[in-house]
There are 2 protein chains.
Amino acid sequence: MSQAAVVQLFKALGDPVRLQIVQRLSNGVPLCMGELSKDLGISRQGARKQIQALVTANVVQLHPVGREVKVQLDATALTQGRDFIAALEAQWDQRLQALKQFTEQ
Amino acid sequence: MSQAAVVQLFKALGDPVRLQIVQRLSNGVPLCMGELSKDLGISRQGARKQIQALVTANVVQLHPVGREVKVQLDATALTQGRDFIAALEAQWDQRLQALKQFTEQ
DNA sequence: CCAACATGCAACTAATTGGTTGCATGTTTT
DNA sequence: AAAACATGCAACCAATTAGTTGCATGTTGG
């Protein structure tokens, strides 16, 4: 996964409205635009723009069904983000381990 | 961990310059402002602002030492971010499991 | 067929952000 | 003490972003 893709992912998650949308979709049930736009405190068109941002960051996919559009989470994006953080932590832990070895000598 | 804190964390990581800073610090070696500002393609003062953003998001801590200031990663923030994503994935997997059960009947 | 519905798109505004430059201040080194 | 160094801070600018409104378009139900 490219550096830029990870940045895009975290940027997408780094907004209260978008994160809330992701949370609502995390139970696996796809919701259509209209439903998803409710209770966000912003207009439908405003919500639409945030959803589009999630699409661009590959956090979410759109599936048109008749006159409505289902929005579905793409959990692989989440996994990639988690893996990225885990890799950072691994480096960190490795260093701490080395320091521990050093002080124990 | 509050919703807002997670948003702040992801927002902090959702920028190429800041993510690069975090990566440089992930090996556990604290760097001072000056070193950290190099090779980012921006001015020292510009880099400083990004570092401050990381401080605000609790991704990094500052430790003044004489005339310089050491910047150290706070890995607990990373862990909290990873845990948050893992929780979303858990919900997701749970739902997939339920769907599998359903189709197998 | 027509009304109600779900959505898309463009133009616009206000706020935030990422960056700059210039200058001030405290700390080493010689 | 003076020069060099590491940093801090404020003012400013350009670009991006988050949101709005208004209107157009395709779809479904009676």
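In what follows, chains are A, B, ... by sequence order, proteins preceding strands, each numbered from 1. The figures that follow rest on heavy atoms only: side chains count, while hydrogens, waters and symmetry mates do not.
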Problem - Nucleotide of D:dT20, C:dT17, C:dT7 approaching B:Lys11 most closely (side-chain heavy atoms) - result: C:dT17

Exercise for the section: Record whether the side chain of B:Gln52 comes under 3.5 Å of the base of D:dG8 through a donor-acceptor pair of N or O atoms. Expected result: no

Problem - OP1 or OP2 of C:dT20 under 4.0 Å from side-chain N/O of B:Ser43 - result: yes

Completion exercise
To the nearest angstrom, the CZ-P distance between B:Arg67 and D:dA3 comes to 16 Å

Problem - From D:dG19, D:dA6, C:dG18, nucleotide with atom closest to B:Glu68 side chain - result: D:dA6

Handout entry: Atom-to-atom span, NZ of A:Lys38 to P of C:dC5 - whole angstrom
Key = 11 Å

Handout entry: Expected output: side-chain A:Arg48 to main-chain A:Ser37 donor-acceptor under 3.5 Å
Key = no

Fill in the blank from the handout: Nearest heavy-atom approach of B:Ala12 to B:Arg18 is O-NE, 2.8 Å

Handout entry: Side-chain N or O of B:Arg48 closer than 4.0 Å to phosphate OP1/OP2 of D:dG8
Key = yes

Practice task
Would you mind reading off the distance between B:Leu36 atom CG and D:dA6 atom P, rounded to a whole angstrom?
Solution key: 14 Å

Completion exercise
Closest to the side chain of A:Val69, out of D:dG19, C:dG8, C:dT27, is C:dG8

Exercise for the section: Measure from CD1 on B:Ile51 to P on C:dG19 and round the result to the nearest Å. Expected result: 12 Å

Fill in the blank from the handout: When A:Leu62 and B:Gln45 are each assigned the nearest nucleotide of DNA chain C, the 5'-most assignment goes to A:Leu62

Practice task
Determine the contact category for A:Gly46: base if any of its heavy atoms lies under 4.0 Å from a base atom, sugar-phosphate if only primed atoms, P, OP1 or OP2 are that close, otherwise nothing.
Solution key: base

Problem - Heavy-atom side-chain contact between B:Met33 and B:Val71 under 4.5 Å - result: yes

Exercise for the section: Look at the side chain of B:Arg44 against the base of D:dG8 and say whether a donor-acceptor pair falls under 3.5 Å; ignore hydrogens and angles. Expected result: yes

Problem - Between P of C:dT16 and CD of B:Gln8, the distance in whole Å - result: 12 Å

Practice task
For A:Lys49 and for A:Gly66, locate the closest nucleotide of DNA chain D by heavy-atom distance; then report the residue assigned to the nucleotide nearer the 5' terminus.
Solution key: A:Lys49

Problem - Closest to the B:Arg18 side chain, choosing from C:dG18, C:dT20, C:dG8 - result: C:dG18

Problem - Length of the CD1-C1' vector between B:Ile21 and C:dG18, whole Å - result: 12 Å

Completion exercise
B:Met33 CE to C:dG26 P, in whole Å, measures 17 Å

Exercise for the section: Ignoring backbone atoms, test whether B:Gln50 places a side-chain nitrogen or oxygen under 4.0 Å from the OP1 or OP2 oxygen of C:dG19. Expected result: yes

Handout entry: Minimum heavy-atom distance between B:Glu89 and A:Ala75, given as atom pair plus value
Key = OE2-O, 4.3 Å

Practice task
Answer yes if the side chains of B:Arg95 and B:Gln91 hold a donor-acceptor pair under 3.5 Å, and no otherwise.
Solution key: no

Practice task
Report the distance from atom CD1 of B:Ile42 to atom P of D:dA14, rounded to the nearest whole Å.
Solution key: 19 Å

